[in-house]
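Take a look at the structure below.
Worth knowing before you read on, the calculation uses all heavy atoms, side chains too, and leaves out hydrogens, waters and symmetry mates.
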Amino acid sequence: MPLQEDHQIVSVDDHLIEHPRVWQDRLSKADQEKGPRIVEQNGMHMWHYDGMVAPTIGLNAVAGKPVEEWGMDPVRYEDMIPGCYDPVERLKDMDIDGVEATLAFPSFPGFAGGVFHRAPDKDLALKCVKAWNDFNVEEWCATDPNRLIPMAIVPTWDVQLAADEVRRAAAMGARTVTFPDNPIPLGLPSFHNAHWNPFWEACEETEMPISLHFGSSTYVPGFSFMQTQATNNMVLPEAPFAVAITLFSSNLMWSTVDLLFSGILQKYPKLQFSLAEGGIGWIPYILERADFVWSRHRYYMKNIDFDARPSDLFRKHFWGCFIDDEFGVENRHAIGVDRIMLEIDYPHSDSNWPNSRKRASEVLATVPDDEAKKIAETNARTMLRFPRAS
């Protein structure tokens, strides 16, 4: 049965393309030249920031284009549909798509602010993190606070600053913070390290769920690498990008198992993790495997909790997210119907826009109405503490 009229869709993973003045409007004059700005270069719109030059990749703004025109080449703003970067137009595109509310991850900063993490000038980087959060809450989401859900990035290079920004963002109304799906590729301590305790404490104190988006650590799986002859010894993939796109969920399998055995879920029992763009079909197997390993190996591993079964921890602390995952929906009870959410991924290449509601109805066709409503809407509203408008 299709989604019912009163079943709203709340997408827990979409993306926004920052308009050219996001940082120029919020940084001091002294910081504007070094801060993120768009420069026209060889006919392309390129981001310039603290010695770095980067494009908006075309594959990140394909909504409204036939698949034959997709590609990795840089894209100009006039080549995107306005809903990519204009919140008023985004709301119109949501109406076309049958989507009521949306949570939008950053683009230029990376899904979890990795661009600012790698920047040399950390004082400026902190200002840029705060500027993005101010933009997201006060400009983007303020366009319609009942439909656009605020999120925040944090300065990952300094755990105390990250904790401070969680508290500041929570006070502004942010409903989640985005965080690297694996800190190690960024040169940071692992999830098992007490280094992160101030950040976990801030998230627990503010009841702030943590959104782990595929690829937010900058590591992308599935490439066979070759070394180039270039003077900078740049490493380029031999495999097509299709390999990485197919294996996108493997990042979040790793993150989930890492966190399940980290001990932090027992220490911080209110922590909640959203597995953005992770799919859900793999979850029943990985929980079965984790329980199997736990049942046999916990007796001699002093750093594994003796009493907390991994699958039980998952159903208390994790939320699976899917765009188009028929196998996962068929096996929803092995995951937990209360722990599954829908994502649209507009304007990226996995999105079904402008037919997201139609496709969701097809995927959920055999799901009872009460379960379909949880998956499409109410689980997300629960996790994000984002109730329907009265």
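Note: F111 and H213 have tilted aromatic rings, judged against thresholds of 30 and 60 degrees for the angle between ring planes. The aromatic rings of F191 and W200 lie tilted to each other, with the angle between the two planes from 30° to 60°. The aromatic rings of Y346 and W353 sit perpendicular, their planes meeting at an angle over 60°, well past the 30° parallel limit. Relative orientation of the Y77 and H45 rings is tilted, given thresholds of 30° and 60° on the angle between their planes.
Counting non-hydrogen atoms of neighbouring residues, nucleotides and ligands closer than 6.0 angstrom, the CD atom of E139 exceeds 12 such neighbours. Within 6.0 Å of atom NZ in K270, 12 or fewer heavy atoms from other residues, nucleotides or ligands are found, so the atom counts as exposed in its surroundings. Heavy atoms of other residues, nucleotides or ligands lying less than 6.0 angstrom from NZ of K316 number 12 at most.
Salt-bridge annotation for E371 and K374: absent, with no side-chain N of the basic residue lying under 4.0 Å from a carboxylate O of the acidic one. Ion pair R76/E40 flagged as a salt bridge, since at least one NZ, NE, NH1 or NH2 atom sits closer than 4.0 Å to an Asp/Glu carboxylate oxygen. Under the 4.0 Å criterion applied to side-chain N and carboxylate O atoms, K127 and D121 are not assigned as salt-bridge partners. Remark: E100 does not engage R357 in a salt bridge, criterion side-chain N to carboxylate O under 4.0 Å. Using a 4.0 Å cut-off between charged side-chain N and carboxylate O, R26 and D31 make no salt bridge. Here E33 pairs with R37 in a salt bridge; the nearest charged N to carboxylate O distance falls below 4.0 Å.
No continuous path of ILVMFWY side-chain contacts below 4.5 Å connects M46 to Y49, so the two sit in separate hydrophobic clusters. Cluster annotation: I184 and F199 are assigned to distinct hydrophobic clusters (Ile/Leu/Val/Met/Phe/Trp/Tyr, side-chain heavy-atom contacts under 4.5 Å, transitive). A continuous path of hydrophobic side-chain contacts links I210 to F314 [ILVMFWY only; heavy atoms under 4.5 Å].
No donor-acceptor pair closer than 3.5 Å links the side chain of T143 to the backbone N or O of V88. Formation of a donor-acceptor pair under 3.5 Å by the N331 side chain with backbone atoms of A334 is not found in this model. Side-chain atoms of R175 come within 3.5 Å of backbone N or O of R385 as a donor-acceptor pair. For R381 (side chain) and F386 (main-chain N/O), a donor-acceptor pair under 3.5 Å exists by modelled atom type. A donor-acceptor contact shorter than 3.5 Å links the side chain of W282 to the backbone of G278. No donor-acceptor pair closer than 3.5 Å links the side chain of W157 to the backbone N or O of A119. Listed for the S351 side chain is no donor-acceptor partner under 3.5 Å among the backbone atoms of P347.
With contacts defined as side-chain heavy-atom distances shorter than 4.5 Å, the pair W254/L259 does not qualify. Proximity of H7 to E377: side-chain heavy atoms (C-beta onward) are nowhere separated by under 4.5 Å. Proximity of Q8 to K373: side-chain heavy atoms (C-beta onward) are nowhere separated by under 4.5 Å. Considering only heavy atoms from C-beta on, I375 comes within 4.5 Å of L364 through its side chain. H15 places none of its side-chain heavy atoms less than 4.5 Å from the side chain of N60. Counting heavy atoms from C-beta on, the side chains of W319 and Q272 come closer than 4.5 Å. Proximity of P109 to E18: side-chain heavy atoms (C-beta onward) are separated by under 4.5 Å at one or more points. Between P269 and E204 there is a side-chain heavy-atom pair separated by less than 4.5 Å.
For the residue pair S356/D97, the side-chain donor-acceptor check at 3.5 Å is satisfied. Judged by distance alone, the side chains of D291 and S311 do bring a donor and an acceptor atom under 3.5 Å apart. A donor and an acceptor atom, one from each side chain of H48 and Q41, are located under 3.5 Å apart. Between the side chains of D164 and Q160, a donor-acceptor pair is found at a separation under 3.5 Å. Residues S211 and T178 bring no donor and acceptor atom of their side chains to less than 3.5 Å of each other. Between H117 and T156, the side chains place a donor N or O and an acceptor N or O closer than 3.5 Å (distance only, hydrogens not considered). A donor-acceptor contact closer than 3.5 angstrom is absent between the side chains of N379 and T382.
Between W23 and W47, the gap from one ring centroid to the other is short of 6.0 Å. Two rings, from F179 and F273, have their centers 6.0 Å or more apart. In this structure, the ring of H297 has its center less than 6.0 angstrom from the ring center of Y300.
Note that the NE2 atom of H19 and the CG atom of D25 stand 6.0 Å from one another [nearest 0.5 Å]. Here the straight-line distance linking atom CE of M341 with atom CZ of F322 works out to 11.0 Å at 0.5 Å rounding.
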Run N182 and S255 through side-chain hydrogen bond (donor to acceptor under 3.5 Å, both in side chains) and show every step you take. CA-CA 6 Å; N182 181 354; S255 305; over 6 Å; no
Begin from the C-alpha positions of C203 and L271 and carry the test side-chain contact (heavy atoms from CB on, under 4.5 Å) through to its verdict. CA-CA 7 Å; C203 291; L271 287 184; 3.9 Å; yes
If you apply the rule salt bridge (charged side-chain N to carboxylate O under 4.0 Å, His left out), what do you find for R359 with E326, and how did you get there? CA-CA 11 Å; R359 180 56 185 154; E326 293 183 8; 2.6 Å; yes
Stepwise side-chain contact (heavy atoms from CB on, under 4.5 Å) check, M80 with K65: CA-CA 9 Å; M80 313 174 201; K65 297 181 180 180; 5.8 Å; no
Begin from the C-alpha positions of M383 and S274 and carry the test side-chain contact (heavy atoms from CB on, under 4.5 Å) through to its verdict. CA-CA 9 Å; M383 185 195 78; S274 171; 3.7 Å; yes
Could you walk me through whether M172 and D134 pass the side-chain contact (heavy atoms from CB on, under 4.5 Å) test, one step at a time? CA-CA 8 Å; M172 293 170 62; D134 292 346; 3.3 Å; yes
Could you walk me through whether R332 and D338 pass salt bridge (charged side-chain N to carboxylate O under 4.0 Å, His left out), step by step? CA-CA 9 Å; R332 62 194 178 279; D338 293 336; over 6 Å; no
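Residues Q266 and A308 come closest through the heavy atom pair NE2-CB, 3.7 Å. Taking all atoms of both residues into account, the shortest heavy-atom contact from G320 to I280 is C-CG2, 3.7 Å. For the pair G83 and W140, the tightest heavy-atom approach, listed with the atom from each and the gap, is O-CH2, 4.2 Å. Across every non-hydrogen atom of C128 and F116, the tightest pair is CB-CE2, 3.4 Å. Across every non-hydrogen atom of P106 and M151, the tightest pair is CD-SD, 4.2 Å. For the residue pair S361 and L3, the shortest heavy atom distance occurs at OG-N, 3.1 Å.
Of the residues listed (D324, I323, N352), the one engaging D345 in a side-chain contact (heavy atoms from CB on, under 4.5 Å) is I323, and it is the only one. Of the options L148, I9, D14, I344, a side-chain contact (heavy atoms from CB on, under 4.5 Å) to M94 is made by L148 and by none of the others.
Figure legend: R298 and F306 shown as a cation-pi pair, the cationic atom lying under 6.0 angstrom from the six-membered ring centre and within 45 degrees of its axis.
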